[in-house]
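So the structure is just underneath, and the comments pick up after that.
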Amino acid sequence: MDVDNSQSEGPGSLEIEQSLLQQFSCMGTTDKEELVQQLQKLLGSQMNHSTAAFFLDMNNWNLQAAVCSYFDIESPAKLPSMALVSDPVANESESVEPCVSFRKVWHVLNNGAEVWPLGCHLRCASGVSLGAEPVQVPCLQPGAGTFLNLRMTSPAVPGMYQSKWRLCTPTGSYFGDPLWAIITVVEEGTMALTQQLSHFSDLGSSNLGTVSINPFIQPRANGNVQGGSTPDPDSGMC
């Protein structure tokens with residue numbers, strides 16, 4: 001019987017076996033959220049929620065097929081590279097009043113060997129977005145740099161806010177260094193007072209640094225003769 005069965009196997013039976021395996025792989029659950037979590041657990045920390053949902057949807061929510069597609073198309077070794085060169089605007093010491101629009105800029109570099117693919121974008125990965133929307137990034141050549149700009153708005157409630165942004169592939173996989181925007185929202189009017197105090201401090205330091213004045217010495221007139229001076233009649237000093 002074993003011999004007869006082996007002789008009956010052919011291309012048709014192999015197709016049936018593959019079809020059965022595909023059906024069995026979908027029998028675990030039909031809940032999409034649970035499938036996303038299972039795929040993330042299988043592939044580790046490099047797989048975020050949106051990427052997992054993308055590959056599952058592309059494979060009709062077949063978990064086994066989604067895993068194979070990920071390693072064929074978007075394995076971690078194939079991800080683009082990005083390094084943060086500098087942060088032109090200081091992020092951890094920024095203070096801003098409520099509901100104020102401001103611009104956040106990062107200088108980044110493609111430090112990899114491949115050009116960034118078409119469709120890469122910058123988006124908020126955690127924290128608060130500070131009113132900014134995802135933006136497309138250019139197809140940066142290896143070794144080239146660019147400036148990433150976001151228009152943000154400070155929250156209405158005073159406090160400290162953190163916004164973490166990441167570059168993403170067209171399929172949603174993060175790559176490169178994380179980009180941070182950290183601001184402190186202060187009470188309205190505080191910034192103007194701080195600037196005024198800073199201005200007064202600058203004025204005082206510049207005057208003291210250029211001229212040393214003793215308030216107890218009266219200035220002499222230009223017509224004083226050498227060896228003596230005319231006393232000031234309004235002065236109480238001898």
Side-chain angles (χ1 to χ4, degrees), residues 32-33 35-61 63 65-92 94 96 99-155 161-183:
K32 293 184 177 180
E33 187 62 30
L35 285 170
V36 169
Q37 295 176 3
Q38 289 181 6
L39 185 57
Q40 287 180 296
K41 183 177 180 180
L42 287 171
L43 297 179
S45 59
Q46 71 270 18
M47 172 68 72
N48 57 55
H49 185 279
S50 61
T51 304
F54 172 84
F55 280 100
L56 284 166
D57 184 63
M58 183 174 67
N59 291 278
N60 296 320
W61 296 91
L63 185 60
V67 171
C68 295
S69 295
Y70 177 80
F71 285 110
D72 289 340
I73 300 174
E74 193 78 48
S75 65
K78 297 179 181 179
L79 289 177
S81 297
M82 182 274 283
L84 177 64
V85 178
S86 64
D87 192 349
V89 180
N91 54 8
E92 294 190 8
E94 286 183 279
V96 62
C99 304
V100 172
S101 177
F102 63 95
R103 187 167 60 100
K104 183 64 184 178
V105 183
W106 296 280
H107 185 198
V108 299
L109 172 73
N110 180 355
N111 62 336
E114 302 292 335
V115 63
W116 290 356
L118 181 66
C120 290
H121 56 282
L122 177 66
R123 73 180 183 192
C124 183
S126 63
V128 293
S129 65
L130 297 175
E133 298 291 337
V135 295
Q136 297 294 316
V137 298
C139 299
L140 204 62
Q141 295 292 328
T146 188
F147 290 91
L148 303 178
N149 296 267
L150 286 178
R151 177 61 63 179
M152 296 180 164
T153 302
S154 59
Y161 296 88
Q162 297 183 1
S163 183
K164 181 181 179 181
W165 291 73
R166 299 291 305 273
L167 285 180
C168 299
T169 64
T171 57
S173 293
Y174 296 138
F175 69 92
D177 294 335
L179 307 175
W180 289 92
I182 305 175
I183 64 170

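- Distance alone, capped at 3.5 Å, places no donor-acceptor pair between the Asp57 side chain and the Ala53 backbone.
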Open item on the list: Show, in sequence, the C-alpha distance, side-chain angles and deciding distance for Ser50 and Arg123, and conclude whether the side chain to side chain donor-acceptor pair (under 3.5 Å) test is met.
Closed with: CA-CA 12 Å; Ser50 61; Arg123 73 180 183 192; 2.8 Å; yes

TODO: Give the C-alpha distance, both sets of side-chain angles, the deciding distance and a yes or no for side chain to side chain contact (heavy atoms under 4.5 Å, CB included) between Ser101 and Met152.
DONE: CA-CA 6 Å; Ser101 177; Met152 296 180 164; over 6 Å; no

- [ ] Might you work through the side chain to side chain contact (heavy atoms under 4.5 Å, CB included) test for Leu167 and Leu148, ending with a clear yes or no?
- [x] CA-CA 10 Å; Leu167 285 180; Leu148 303 178; 4.1 Å; yes

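- The shortest distance between side-chain heavy atoms of Pro170 and Cys120 falls below 4.5 Å.
- Proximity of a side-chain donor or acceptor of Ser163 to a complementary backbone N or O of Leu130 within less than 3.5 Å is not detected.
- Counting all heavy atoms, side chain and backbone alike, Leu56 lies closest to Ala66 at CD2-CB, 3.7 Å.
- The neighbour count for Gln37 CD, taken as heavy atoms of other residues, nucleotides or ligands under 6.0 Å away, is above 12.
- Side-chain atoms of Trp106 come within 3.5 Å of backbone N or O of Trp180 as a donor-acceptor pair.
- Closest approach of Ser81 and Asn111 over heavy atoms only: CB-OD1, 3.1 Å.
- Shown are Val85, Leu179, Asp177; of these, the side chain to side chain contact (heavy atoms under 4.5 Å, CB included) with Val108 is made only by Leu179.
- Trp116 approaches Pro80 most closely through the heavy-atom pair CD1-CB, 3.8 Å.
- When atom types are taken as modelled, the side chain of Ser154 and the backbone of Val100 share a donor-acceptor pair closer than 3.5 angstrom.
- Here the side chain of Asn110 pairs a donor or acceptor atom with the backbone of Gly112 at under 3.5 angstrom.
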Task: Stepwise side chain to side chain contact (heavy atoms under 4.5 Å, CB included) test for Trp61 and Val36 - done: CA-CA 9 Å; Trp61 296 91; Val36 169; 3.8 Å; yes

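- Two residues are said to be in side-chain contact when any heavy atoms from C-beta on lie closer than 4.5 Å; Thr169 and Phe175 meet this criterion.
- Checking side-chain atoms of Thr51 against main-chain N and O of Gly172 turns up a donor-acceptor pair under 3.5 Å.
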